[in-house]
Amino acid sequence: MKRLFILLLATALACSGPAPKTQDPLPMSSEKKNDPHSFAQTEIAQVVHLDWDALIDFEQKVIDATATWTLSEGSSGEVIFDTYDLDIIDVTDGNGKPRTYTVGEKNALFGSPLIIQLAEGDKKVAISYRTSPDAKALQWTDTEQTADKLGPFLYTQSQAILARTWVPCQDGPGIRFTYDATVQVPPGMLALMSASNPSEVSNDGAYTYSMPQPIPSYLLALSAGHLAFKEVGARTGVYAEPSMVDTCAWEFADMEAMMVAAEELYGPYEWGRYDLIVLPPSFPFGGMENPRLTFATPTILAGDRSLVALVAHELAHSWSGNLVTNSVWDDFWLNEGFTVYFEMRIMEAVYGREYSEMLALLSHTELLNTVEEFMESMPDDTRLKLDLKGRNPDDGVTAIPYDKGYHFLRLMEETIGRERFDAFLKNYFQANRFKVMDTERFVALLKTDLLTEEEYSSIGVDNWIYAPGLPANVPVPNSDRFEKVDGYALAFLNETKLPENEVTETWSTHEWLRFLRRIKGADVNALAQLDAAYSLTRSGNAELAAQWFENTLSEKEAYRAPNDMDLEASVTDFLTRVGRRKFLMPIYSALLEGDKLEWAQSIYEKARPGYHAVSRESLDELLLASD
Ligand code: BES
Ligand code: ZN
């Protein structure tokens, strides 16, 4: 009966033609607290362990695999998995006995349910399948797009609901499982997962892994290519292409200090090793907190360690997110807001308050801009607790969960003092380790374990979490260093006075960013003088280059770079090399704002095949819709 109901609904939901932006909610999501982005019906049957056996085929750009899932006690009747364009080859009980299954019709956002009939006593199901060459989580990077050109490269990006495009799984953050895996790649390649990892290339391209701590599916990760490893500390190290690995180890030398600081704040690191892999530049995010192995963009290699806050951020997720996990994507701020708060605390502990306050102020400005922008067209998306039912959870990835979440936690800290707040958080991570958390339970905890009634209402907890906009008691970070920068920005805007070399020599990337953001809209001739002095058009620092491109390209008047620098060439090179969405969106938007649609589209046409699906989806919306 239930199965029929799901099938009927799945059929009703199936859509044809281009993917609409909003989909109807998945079946039965309102009846109980089920994940609205997953077909799984965990009260009938739930997974507890995965054995994954895979062959990575770089020629056809597919993975041939068997996923053998162990089911929890009491699972019976049928078990439902999420899949997206997986070619299911056969399903057995794990001992070779076939089991009947159905693949429901495809929903453009959520894919298809795979419904397997269990026989009495079945404890496992084994699913053999092949991924689609277009699987959204998989980025097959051509040799040309790698640094050393030793061969192609593969990496996955599962968060939020893309794990189902490479592993049939119960794809919601509330479902945890342990895993073991064997992976076969072409000999010469190193393959890594979000698990115990090899540090050396094997002779035959075969590798085994184990992840004994239970994780949700969005933390399943795989990466394979010509990689080398270099130790950073006793528990830390970096993987990167051979020519980059020394540079990377230098840039991230403080990983160990960050771990020590983090553990001191909120308790033991529970995952064994903490390594980081620097991926090819097409990686669509800055970083991804895959357990034991953070995935990172090479655009944080500034050469001066100035962009390592990203490492602190992904490391912090080892507690907020990976250990205590948002129950569904509506509670995403519990992952990211806590992580930004924790990131700032790690940065403060390792580099000092003056430094972390610059980061906090950048977050503050971002927050004000986002709230202002969203209040016009989508005020509901400025709430901490989101409503993403029927929508792509990716729509919730904005400055709100990150920066509003951060400021809310900071307000609590400032209201009740660090000592009480830290004790609460330490206990929170300990008491909820390897569990899920939702917004309502968190609010209940605040009431029972942390805040007096007076504190609760003076903070305005409900308002912060459930109301749109930004409460008036938002904390304002204080940075003397930025105040000085603001003075130089004003002098530049008003009198075209350039900041002197002696001054800018002391500036970090953050001060430069603050300065460039403050002088947005400056006259193009003034910008050219700044460029002549500091060669911003040719900056090797991706953050600065991206900000500079944004500033200059958004001008309707054509910007001419001085000293034979070629803005067009720099922008084209950047956009065809780098796939990080955080940079691509503002730069392409600036091109549109500056009436350069044709230019934007011609670069995009060339660059698009090299971008990850996550970036392509956002850019298609921006650029192909403006025709
Ligand atoms: N977990 C996120 C990345 C993510 C979020 C991927 C949602 C897919 C869906 C990661 O921890 C993150 O926040 N990355 C930021 C880093 C930054 C805030 C330091 C990024 O990629 O820019
Ligand atoms: Zn994060």
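Just so you know, residue 1 is the first one in the sequence shown, and it goes up from there. Below, all heavy atoms of this structure are taken into account, side chains as well, without hydrogens, waters or symmetry copies. Both counts, for ligands and for their atoms, begin at 1 and track the order of listing. As the structure is a prediction and not an experimental result, all values here were calculated from the model.
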Donor-acceptor side-chain pairing of [X] and [Y] below 3.5 angstrom:
X: Thr339; Y: Trp319; value: no
X: Ser508; Y: Glu511; value: yes
X: His612; Y: Glu617; value: no
X: Thr297; Y: Arg580; value: no

What N, O or S atom of Glu336 is found closest to the Zn ion (ligand 2)?
OE1
Below 30° counts as parallel, above 60° as perpendicular, anything between as tilted: where do the rings of His510 and Tyr355 land?
perpendicular
Under 4.0 Å from ligand 1 - residues by heavy atom, chain and number
Gln157, Gln159, Phe285, Gly286, Gly287, Met288, Glu289, Leu310, His313, Glu314, His317, Phe332, Glu336, Val397, Tyr402, Arg580
State which residue, out of Ile161, Asp35, Leu220, fulfils the side-chain contact (heavy atoms from CB on, under 4.5 Å) condition with Asp171.
Ile161
